[in-house]
Asker: 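Before I ask anything, here is the structure I am working with.
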Amino acid sequence: QVQLAESGGGSVQAGDSLTVSCVVSGLSFSSSAIGWYRQAPGKERELVASMSGFRGTIDLESVKGRFTISRDAHKKTIYLQMNSLKPEDTGVYYCNDGDSWGQGTQVTVSS
């Protein structure tokens with residue numbers, strides 16, 4: 001059974017940094033594609049970044065240059081490092097393996 005567990009969210013000020021984590025279990029970590037999504041209040045969920053094998057991609061134009069996706073194979077964890085956070089980055093951040101979703105972690109950025 002695939003399980004995805006996000007953590008690391010919080011409330012920060014604009015310009016701050018935050019790293020959220022997604023611990024993966026129940027699938028082949030090295031060969032699976034994992035995506036970070038976010039959902040702002042009243043908006044649809046959108047793809048932020050994705051990790052396929054060892055290749056990470058920032059998919060959302062508005063966070064390029066500020067967000068970085070990385071992985072730790074030993075810990076089976078995908079990280080999303082977020083720098084220079086803006087209020088519009090506020091939302092619930094989820095990870096997904098193409099089928100299963102985690103419970104999400106809330107990120108709130110105040111101006």
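The figures that follow rest on heavy atoms only: side chains count, while hydrogens, waters and symmetry mates do not.
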Asker: Give a yes or no on whether E44 atom CD has more than 12 heavy-atom contacts from other residues, nucleotides or ligands under 6.0 Å away.
Answerer: no

Asker: Any idea which heavy atoms bring D89 and S84 closest together, and the distance?
Answerer: OD2-O, 4.4 Å

Asker: Without swapping roles, check the side chain of R71 against the backbone of G56 for a donor-acceptor pair under 3.5 Å.
Answerer: no

Asker: Return the minimal non-hydrogen interatomic distance between M82 and L85, and the atom names on each side.
Answerer: CB-CD2, 3.7 Å

Asker: Can you check whether Q103's main-chain N or O pairs, donor with acceptor, with E6's side chain at less than 3.5 Å?
Answerer: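 Pair found, side chain donor or acceptor close to backbone of Q103.
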
Asker: State plainly whether one hydrophobic cluster holds both L80 and I34, where clusters connect Ile, Leu, Val, Met, Phe, Trp and Tyr through side-chain heavy atoms under 4.5 angstrom apart.
Answerer: yes

Asker: Please determine whether residues Y37 and V23 belong to a single hydrophobic cluster, defined as Ile, Leu, Val, Met, Phe, Trp and Tyr linked transitively by side-chain heavy-atom distances below 4.5 Å.
Answerer: no

Asker: Can you sort out the partners of T90 under side-chain hydrogen bond (donor to acceptor under 3.5 Å, both in side chains), two or more places apart, ordered by chain and number?
Answerer: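 With sequence neighbours excluded, T90 shows a side-chain hydrogen bond (donor to acceptor under 3.5 Å, both in side chains) to no residue whatsoever.
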
Asker: For the residue pair S110 and Q13, what are the closest heavy atoms and their distance?
Answerer: OG-NE2, 3.3 Å

Asker: What's the shortest heavy-atom distance between S62 and R38, and which atoms?
Answerer: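 Closest pair (atom of S62, atom of R38, distance): OG-NH2, 3.8 Å.
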
Asker: Classify the ring geometry between F67 and Y93 as parallel (under 30°), tilted (30 to 60°) or perpendicular (over 60°).
Answerer: tilted

Asker: Could you go through T105 and V92, starting from their C-alpha distance and side-chain angles, then the distance that decides it, and tell me whether this counts as side-chain contact (heavy atoms from CB on, under 4.5 Å)?
Answerer: CA-CA 5 Å; T105 187; V92 181; 6.0 Å; no

Asker: Using a 6.0 Å cut-off, check whether atom NZ of K64 has over 12 heavy atoms from anything other than its own residue.
Answerer: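 Yes - once you tally the heavy atoms of other residues, nucleotides and ligands closer than 6.0 Å, there are more than 12.
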
Asker: Write down the atom of V24, the atom of L4, and the distance for their closest heavy-atom approach.
Answerer: CG2-CD2, 3.7 Å

Asker: Does V20 form a side-chain contact (heavy atoms from CB on, under 4.5 Å) with W36? I'd like the steps, not just the answer.
Answerer: CA-CA 10 Å; V20 289; W36 272 107; 3.7 Å; yes

Asker: Check each of T57, D59, N96 against S50 using the side chain to side chain donor-acceptor pair (under 3.5 Å) test, and report the only one that passes.
Answerer: D59

Asker: Are I78 and L47 connected in a single hydrophobic cluster, I mean Ile/Leu/Val/Met/Phe/Trp/Tyr linked by side-chain heavy atoms less than 4.5 Å apart?
Answerer: no

Asker: Under 3.5 Å, is there a donor-acceptor pair linking the side chains of S17 and N83?
Answerer: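 Side-chain D/A pair, S17 to N83: present.
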
Asker: Say you draw a straight line from CG of D99 to CG of L27; how long is it, rounded to the nearest 0.5 Å?
Answerer: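 Here the interatomic distance stands at 10.0 Å.
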
Asker: Give me the atom names and distance for the closest heavy-atom approach of Q106 to T108.
Answerer: NE2-OG1, 3.3 Å

